[in-house]
2 protein chains.
Amino acid sequence: MEAEGTKDRIINIAGSIFGRFGFQKTTVDEIARAAHKAKGSMYYYFRSKEELFQEVVEAESKVFSRELAKAMNQGNTAKEKLANYTRTRIHLVREMANYYEAMKNDYLVHLDFIETIRKKYDYEEKVRIKMILIEGIANNEFEIGNEDLTAQVLLTILKGFEMPFLLNHKDYEIDNKIECLLRILVRGLEKC
Amino acid sequence: MEAEGTKDRIINIAGSIFGRFGFQKTTVDEIARAAHKAKGSMYYYFRSKEELFQEVVEAESKVFSRELAKAMNQGNTAKEKLANYTRTRIHLVREMANYYEAMKNDYLVHLDFIETIRKKYDYEEKVRIKMILIEGIANNEFEIGNEDLTAQVLLTILKGFEMPFLLNHKDYEIDNKIECLLRILVRGLEKC
DNA sequence: TAGTCGACCAAAATACAATATTAGTCAAAA
DNA sequence: TTTTGACTAATATTGTATTTTGGTCGACTA
């Protein structure tokens with residue numbers, strides 16, 4: 001028996017094809033052929049093309065989440081955790097930029113199921129940031145009025161930082177910017 | 001001169017039409033009719049539709065700039081200036097969100113002359129923020145390693161903040177978020 | 001002479017019908 | 001349980017006739 005089930009194999013293959021061509025320009029038959037299956041078989045595992053895509057995004061988000069959690073836990077203090085989280089997040093998103101590139105065409109076609117997924121992962125991320133903040137408050141590292149609002153704002157900042165390279169603008173100074181941003185954020189949250 | 005008045009009138013009328021329908025879906029003839037002129041007359045004042053649009057953007061950017069400068073100068077300290085600048089900028093962009101709405105269709109058609117304008121005004125804005133920072137350092141309000149990089153990062157944060165409502169997501173908590181952001185930024189830059 | 005006009009043109013956008021792909025189904029079979 | 005490929009309705013694409021649009025120009029005027 002293969003370590004990887006058929007369904008997971010399809011998800012992986014679909015992921016690489018969706019990543020190259022986006023949701024709309026990828027056909028179910030194309031994925032089926034790449035997976036050496038008949039198109040009909042796809043509908044044994046997934047109710048629709050949308051559901052297949054959703055599972056691909058879900059799987060990739062899990063990897064994203066795991067990497068982020070790992071980076072975060074490599075720090076001892078809340079400050080370090082926030083810093084590692086920020087650095088890793090920005091770099092991960094940057095690596096995924098070419099992935100987003102293919103999705104750009106789908107972007108205006110406002111697929112509302114994507115919106116749903118996005119919201120869910122935004123929420124998860126906010127919770128994770130909030131946890132760092134709460135830990136920092138408990139540690140006497142941070143002094144924050146409203147952790148929930150602050151977590152939301154930090155997430156907005158992080159998401160804003162990805163915009164430049166989400167829209168082609170290459171940024172060779174990104175590492176300097178990240179450190180500069182972190183200096184402001186950490187000092188801004190710090191208990192002094 | 002009378003001619004200068006006509007040109008400005010055309011720019012204003014064109015602005016409101018471009019604002020409603022975007023660059024592509026607005027026709028030169030439409031603008032001409034609204035200005036009670038023949039289409040040919042448009043080409044007496046502007047070399048092309050692009051140039052007309054460019055002048056519209058230029059004019060509106062000037063208003064934007066002036067409002068920002070005004071808000072900024074209402075503060076006495078650098079901290080106040082930064083705060084006023086931030087608040088005004090975010091609110092101005094939000095008011096313009098419906099304007100951007102119409103432009104969304106043009107967005108993917110990557111009009112590179114728009115990119116040029118954007119770069120120019122980004123630079124101006126960065127300079128303005130940098131001036132606040134330098135003033136703050138001179139005042140002993142701020143303590144900043146690299147003002148240029150910091151100004152760039154602040155601009156990136158501000159531009160990131162506009163993304164949510166640039167993409168429909170209405171945000172009823174925006175004022176709380178702005179104050180929360182400002183608290184972080186000001187404390188993050190503060191000399192303590 | 002600065003400003004306006006509208007007929008005119010080539011290029012681009014649109015409309016529409018014919019054609020081809022595609023998402024999704026299903027009965028049969030492995 | 002899993003796979004298949006023929007099948008269909010809906011969607012997308014293509015080719016083409018038609019219209020619209022950006023832009024020009026010579027004539028006109030105040």
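Chain naming here is simple, since letters A, B, ... match the order of the sequence lines and numbering starts at 1 in each.
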Within the sub-3.5 Å range, which N or O atoms of nucleotides 4-8 of chain C have a protein N or O partner, and how far apart are they?
residue: C:dT4; atom: OP1; partner: B:Lys37; partner atom: NZ; Å: 2.5
residue: C:dT4; atom: OP2; partner: B:Tyr45; partner atom: OH; Å: 2.6
residue: C:dC5; atom: OP2; partner: B:Ala38; partner atom: N; Å: 3.0

- Mind checking what makes side-chain hydrogen bond (donor to acceptor under 3.5 Å, both in side chains) contact with B:Asp29, not counting sequence neighbours?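 So B:Asp29 forms a side-chain hydrogen bond (donor to acceptor under 3.5 Å, both in side chains) with B:Arg33.
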With a 4.0 Å cut-off (strictly under) to non-hydrogen atoms of chain B, the first and last hit nts on DNA chain D, 5' to 3', are D:dT21 to D:dT24
Pairs under 3.5 Å (N/O, protein and nucleotides 10-12 of chain C):
none

Holding to side chain to side chain contact (heavy atoms under 4.5 Å, CB included), I want the full list of residues that pass it with [X], two or more places apart in sequence or in another chain.
X: A:Tyr45; value: A:Thr6, A:Lys7, A:Ile10
X: B:Val57; value: B:Phe53, B:Ser61, B:Ile117
X: B:Phe64; value: B:Leu68, B:Arg89, B:Leu92, B:Val93, B:Met96
X: A:Tyr123; value: A:Val127

* **Contact check, side chains of B:Lys130 and B:Ile134, non-hydrogen atoms, under 4.5 Å** => yes
Taken to the nearest whole Å, NZ/B:Lys49 to C1'/C:dA13 is 11 Å
In whole angstroms, the gap separating C1' of C:dA2 from CD1 of B:Ile10 amounts to 14 Å
My understanding is that only residues two or more places apart in sequence, or in another chain, count here; which of them pass salt bridge (charged side-chain N to carboxylate O under 4.0 Å, His left out) with [X]?
X: A:Arg118; result: A:Glu115, A:Asp122
X: A:Glu58; result: A:Lys120
X: A:Arg47; result: A:Glu51

Could you tabulate the donor-acceptor pairs under 3.5 Å formed by side-chain atoms of residues 183-192 of chain B, not counting sequence neighbours?
residue: B:Arg187; atom: NE; partner: A:Gly188; partner atom: O; Å: 3.3
residue: B:Arg187; atom: NH2; partner: A:Glu190; partner atom: O; Å: 2.1
residue: B:Glu190; atom: OE2; partner: B:Lys79; partner atom: NZ; Å: 2.7
residue: B:Lys191; atom: NZ; partner: B:Asn140; partner atom: OD1; Å: 3.0

